[in-house]
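The structure appears below as structure tokens.
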Amino acid sequence: MKIATFNINGIKARIEALTEWLAEAQPDVACLQEIKSVDEAFPRAHFEDLGYNVETHGQKSFNGVAILSKLPLEDVTRGLPGDDTDEQARWIEATVVGRTAIRVCGLYLPNGNPAPGPKYDYKLAWMKRMQARVTELLATEEPLVFCGDYNVIPQPEDAAKPEDWKTDALFLPESRAAFRRLIHLGLTDAIRTRDPRPGTYTYWDFQRGAWERNNGIRIDHLLLSPQAADLMRETGIDKAVRGREKPSDHVPAWVDLDA
DNA sequence: ATGGTAGCGGTGCTA
């Protein structure tokens, strides 16, 4: 079962690039972030025609997550528990029914800039809520995959120029510590474990020729519970997608599970 | 220190 994460930065603008990548990469499951669309405006029928089941958790203009799956999806839930006043669409869960059932959580973690400030406070509070949800799900001892745009650069080697990110919410010590706390619950960073080659990033800014200079960062992650890590066969980052027409600023990252 | 680009939506916000 090939599970991918892809921050598409607007479904309307990315429908062609996404369709091309789906055709060549053939993921069984694709978790999408920043669909920037309400549910009613998501081109559901287009992806259903390609053989995908479609579940969205959208929002006007900003954020928004979705799961496309060739396999049946069960027990779909929307929103990260822990704050009923949070109206930002950043979390969706579903159980993918393959040979082995996998609980997949697609997430778009808050950016947090500028830091310090209310946006950074929201990011850290959100990560605390995620910690609680992950803890809850780990107790089920099911195979779990938490994938998405984490907006966290875990280590200096995950940035081409780490010194440029010293005061950025993506690399501040509190953000990295909160990410480490997730890892220390027992999750495996699939890409880091299986594809730790330097210079393999998942995001290059649209500005200042970041792509041309390979000035990237690795912020899109797939974290696996022990039961999912045991099934891990292969991982990858589809870097070439960034060099095409009308690209997102992120590229897909994926894991293949024996499930 | 600044401003550079992209998407959404029709202005300024978010990243």
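To find a chain, count down the sequence lines: A is the first, B the second, and so on, and within it residues start at 1.
- For the pair A:Tyr122 OH and B:dC13 C1', the computed distance is 16 Å after rounding to whole Å.
- The distance between atom NZ of A:Lys60 and atom C1' of B:dC13, rounded to the nearest whole Å, is 13 Å.
- To the nearest angstrom, P of B:dG7 lies 16 Å from CZ of A:Phe42.
- To the nearest angstrom, C1' of B:dA6 lies 8 Å from CG of A:Asp249.
- The residue among A:Asn111 and A:Asp205 whose nearest nucleotide of DNA chain B is located toward the 5' end is A:Asp205.
- Electrostatic pairing of A:Arg129 and A:Asp86 counts as a salt bridge here, judged by a charged N lying under 4.0 Å from a carboxylate O.
- Of the candidates B:dC8, B:dG7, B:dT5, B:dT5 carries the atom nearest the A:Gln207 side chain, counting heavy atoms from C-beta on.
- Atom CD of A:Glu34 is separated from atom C1' of B:dT14 by 8 Å (rounded to the nearest Å).
- Rounded to whole Å, the separation between the P atoms of B:dA1 and B:dG12 comes to 27 Å.
- The gap from the P atom of B:dG3 to that of B:dG7 amounts to 22 Å, rounded to the nearest Å.
- When each of B:dA15, B:dG3, B:dC8 is scored by its nearest atom to the side-chain atoms of A:Tyr108, the top-ranked nucleotide is B:dA15.
- The phosphate of B:dG7 has OP1 or OP2 within less than 4.0 Å of a side-chain N or O from A:Arg14.
- Between A:Lys36 and B:dA6, a side-chain N or O to OP1/OP2 separation shorter than 4.0 Å is absent.
- The residue among A:Lys246 and A:Asn63 whose nearest nucleotide of DNA chain B lies closer to the 5′ end is A:Lys246.
- Considering A:Trp21, A:Tyr203, A:Phe206 as possible partners of A:His250, the one that fulfils the ring-ring contact (aromatic ring centres under 6.0 Å, His included) test is A:Tyr203.
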Please determine whether salt bridge (Lys or Arg N to Asp or Glu O under 4.0 Å) holds for the pair A:Glu174 and A:Arg181, giving the CA-CA distance in whole Å, both sets of side-chain angles, and the decisive distance to 0.1 Å. CA-CA 10 Å; A:Glu174 298 95 322; A:Arg181 282 194 287 274; over 6 Å; no
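- Side-chain proximity of A:Asn9 to B:dG4, B:dT14, B:dG7: nearest is B:dG7.
- Among the atoms of the strands shown, none is found under 4.0 Å from any heavy atom of A:Tyr203.
- Separating the P atom of B:dT2 from that of B:dA6 is a span of 23 Å, rounded to the nearest Å.
- A:Arg90 comes within contact range of the sugar-phosphate backbone alone, with a heavy-atom separation under 4.0 Å but no base atom that close.
- Of the charged side-chain nitrogens involved, none lies within less than 4.0 Å of a carboxylate oxygen, so that A:Lys70 and A:Asp28 do not count as a salt-bridged pair.
- Electrostatic pairing of A:Asp189 and A:Arg218 counts as a salt bridge here, judged by a charged N lying under 4.0 Å from a carboxylate O.
- The distance from atom CD1 of A:Ile35 to atom P of B:dC8 is 11 Å, rounded to the nearest whole Å.
- In the set B:dG4, B:dA6, B:dC13, the nucleotide with an atom closest to the side chain of A:Phe62 is B:dC13.
- Between the CG atom of A:Asp168 and the C1' atom of B:dT14 there is a distance of 14 Å, given to the nearest Å.
- Separating the CD atom of A:Glu245 from the P atom of B:dG7 is a distance of 12 Å, rounded to the nearest angstrom.
- Remark: A:Arg176 qualifies as a cation-pi partner of A:Phe171 under the 6.0 Å distance and 45° angle criteria applied to the six-membered ring.
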